[in-house]
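Numbering of ligands and ligand atoms starts at 1, following listing order. Side-chain atoms are counted along with the backbone in the values below, which use heavy atoms only and exclude waters and symmetry mates.
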Amino acid sequence: MINTKSLRADFPILSRKVHGKRLVYLDNAATTQKPMQVIQAVKSYYESHNSNVHRAVHKLSDEATEAYDEAHEKTASFISAGSYEEIVFTKNATEAINVVANDFSRKLKKGDEIVLTQMEHHSNLVPWFNAAKMTGAKIKYAEIDGNGELKMQQLRKIITKKTRLVAVTHASNVLGTINPVKEIAEIAHDKGALAMVDAAQSVPNMPVDVKKIGCDFLAFSAHKMLGPTGLGVLYGREELLENTEPLVFGGDMIKEVTFENASWNDLPWKFEAGTPNVAGAAGFSAAMDYLIKLGMGNVRKHELQLAKHAMKRLSEIRGVEIYGPQAEKRTGVISFNMKDVHPHDVSSILDSEGIAVRGGHHCAMPLMRLLGIQGSVRASFYVYNTMEEIDALIDALNKVKKIMKV
Ligand code: 7TS
């Protein structure tokens with residue numbers, strides 16, 4: 001089990017005050033806080049090893065290159081990919097999805113179909129709109145039921161011989177719903193389609209094994225799993241990445257350049273044009289080490305405990321409506337609304353109590369429309385959150401009711 005008491009001491013920001021109150025940080029689905037080990041890794045990189053990678057033959061460049069390449073290898077092992085060649089570092093999960101969508105926008109034909117779900121983040125919607133617009137391909141949606149879970153029967157029906165790709169979130173950033181991505185990848189493959197998983201909300205929160213899932217592509221961000229901002233990951237099966245066009249062109253992604261032409265570097269470097277985020281990679285390695293030490297199974301258990309407690313306590317407040325499935329079927333993400341109070345008002349009052357949650361559409365406007373709401377309040381938990389912090393959230397929500405007279 002996770003011992004939050006000793007673990008919290010690793011996170012300097014958790015001891016700061018907000019509006020004179022102790023910080024209760026419950027906005028982890030947006031980004032997580034960073035432990036000293038990660039901050040130290042970035043600092044030590046700049047203090048002692050800073051150099052460019054994959055070019056000069058001097059000691060510092062060797063060290064920077066080693067740190068950067070090692071981060072790829074660690075990532076491959078973290079999600080059980082075949083090798084570091086299958087791990088592309090991008091700016092964030094959004095860019096990772098765009099690499100794949102860009103390639104599809106060159107290859108799709110009129111009449112081809114892409115299947116998405118109604119619970120996607122804008123990052124796994126808008127790039128596909130662009131691919132569809134460029135090619136005349138059609139987008140279809142797997143629907144969700146009243147519990148915020150995918151209707152698997154309907155999903156099976158809309159994946160056909162015309163489907164080229166099924167792109168689905170592993171866990172919803174609004175509902176918390178964990179989707180059966182292994183089953184979905186199997187259904188896609190049965191029809192000859194590829195399967196892409198948006199794992200921005202799953203790799204940080206539970207054990208994820210790309211081989212077990214059987215997906216073709218998978219995307220996530222370091223900053224949602226204790227790592228630095230500015231670093232994302234695209235996993236792709238080697239033979240698929242070999243046949244995927246780069247999104248960005250320039251230095252370091254080439255093998256040979258003449259005045260007329262260029263050939264691409266080996267995987268994964270052909271996707272990593274320009275000077276990459278080496279310091280971010282050093283920090284990300286430290287973040288993965290931290291999570292490996294905790295054990296991703298324990299991370300999942302801890303979040304489940306918090307989600308159960310939060311759902312029980314939230315449902316005791318009259319006028320609070322929670323969206324999405326029961327705790328066992330979700331990550332530590334809970335979206336809710338308080339009757340007759342705008343989510344921004346709830347978030348503002350919580351902020352004045354030192355409690356950070358997100359209020360709004362959570363970059364999932366179509367899902368909001370489907371739920372018949374403009375937005376929601378979202379509390380999302382991570383390894384350092386405690387039962388007492390959830391109780392503080394509940395006390396503050398009761399205060400909201402008093403202030404708003406509802
Ligand atoms: N996919 C999902 C499911 C997400 O939740 C997010 C970010 C992304 C993709 C994009 O990740 P990025 O690192 O490229 O930004 N979600 C959120 C959120 O829920 N609140 O802030 C960012």
Would you check if the side chain of T94 reaches a backbone N or O of S123 as a donor-acceptor pair within less than 3.5 Å?
no
Closest candidate by heavy atom, reference atom 8 (C) of ligand 1, pool H361, H121, H122, R378:
H121
Using the rule given for salt bridge (Lys or Arg N to Asp or Glu O under 4.0 Å), can you reason through K399 versus E353, listing the C-alpha separation, both sets of side-chain angles and the distance that settles it, and then say yes or no?
CA-CA 10 Å; K399 215 165 184 174; E353 294 294 315; 3.1 Å; yes
Those atoms of ligand 1 less than 4.0 Å from some heavy atom in T169
3 (C)
Residues W264 and K255: closest non-hydrogen pair is O-CB, 3.6 Å
If you have a sec, work out which protein heavy atom is nearest atom 9 (C) of ligand 1 and how many Å separate them, to one decimal?
D198 OD2, 3.4 Å
Is G232 close enough to touch ligand 1? Criterion: a residue heavy atom under 4.0 Å from a ligand atom.
no
I would like to know whether Y68 and F89 meet ring pair (Phe, Tyr, Trp, His ring centres under 6.0 Å); could you show each step before the answer?
CA-CA 10 Å; Y68 190 65; F89 280 178; 5.7 Å; yes
Of the non-hydrogen atoms in V333 and V174, which two are nearest, and what is the gap between them?
CG1-O, 3.6 Å
Nearest protein heavy atom to atom 15 (O) of ligand 1, by residue and atom, and its distance?
T94 OG1, 3.9 Å
Over all heavy atoms of both residues, which pair between Q37 and A286 is shortest? Give the atoms and the distance, please.
O-CB, 3.6 Å
H122 and H361 aromatic centres sub-6.0 Å:
yes
What part of A200, side chain from CB on, backbone N/CA/C/O, both or neither, has a heavy atom under 4.0 Å from ligand 1?
side chain
For the pair Y382 (side chain) and P204 (backbone), establish whether a donor and an acceptor sit closer than 3.5 Å, ignoring hydrogens and angles.
yes
Atom 17 (C) of ligand 1: which of M119, K224, H170, H362 has the nearest heavy atom?
K224
I need the contact type for S221 against ligand 1. Using non-hydrogen atoms and a strict under-4.0 Å cut-off, is it side chain, backbone, both or neither?
side chain
As an exercise, identify every atom of ligand 1 less than 4.0 angstrom from a heavy atom of N173.
5 (O), 18 (C), 19 (O)
What do we get for E95 next to ligand 1 when only non-hydrogen atoms under 4.0 Å count, side chain, backbone, both or neither?
neither
Is the F104 ring parallel, tilted or perpendicular to the W128 ring (thresholds 30°, 60°)?
perpendicular
Under 4.0 Å from one or more heavy atoms of A29, ligand 1 contributes atoms 17 (C), 18 (C), 19 (O)
For Q201, atoms of ligand 1 separated by under 4.0 Å from a heavy atom:
3 (C), 4 (C), 5 (O), 16 (N), 19 (O)
4.0 Å heavy-atom contact, E120 with ligand 1:
no
Checking a contact table here: which protein heavy atom is nearest atom 20 (N) of ligand 1, and how many Å away?
R358 NH1, 2.5 Å
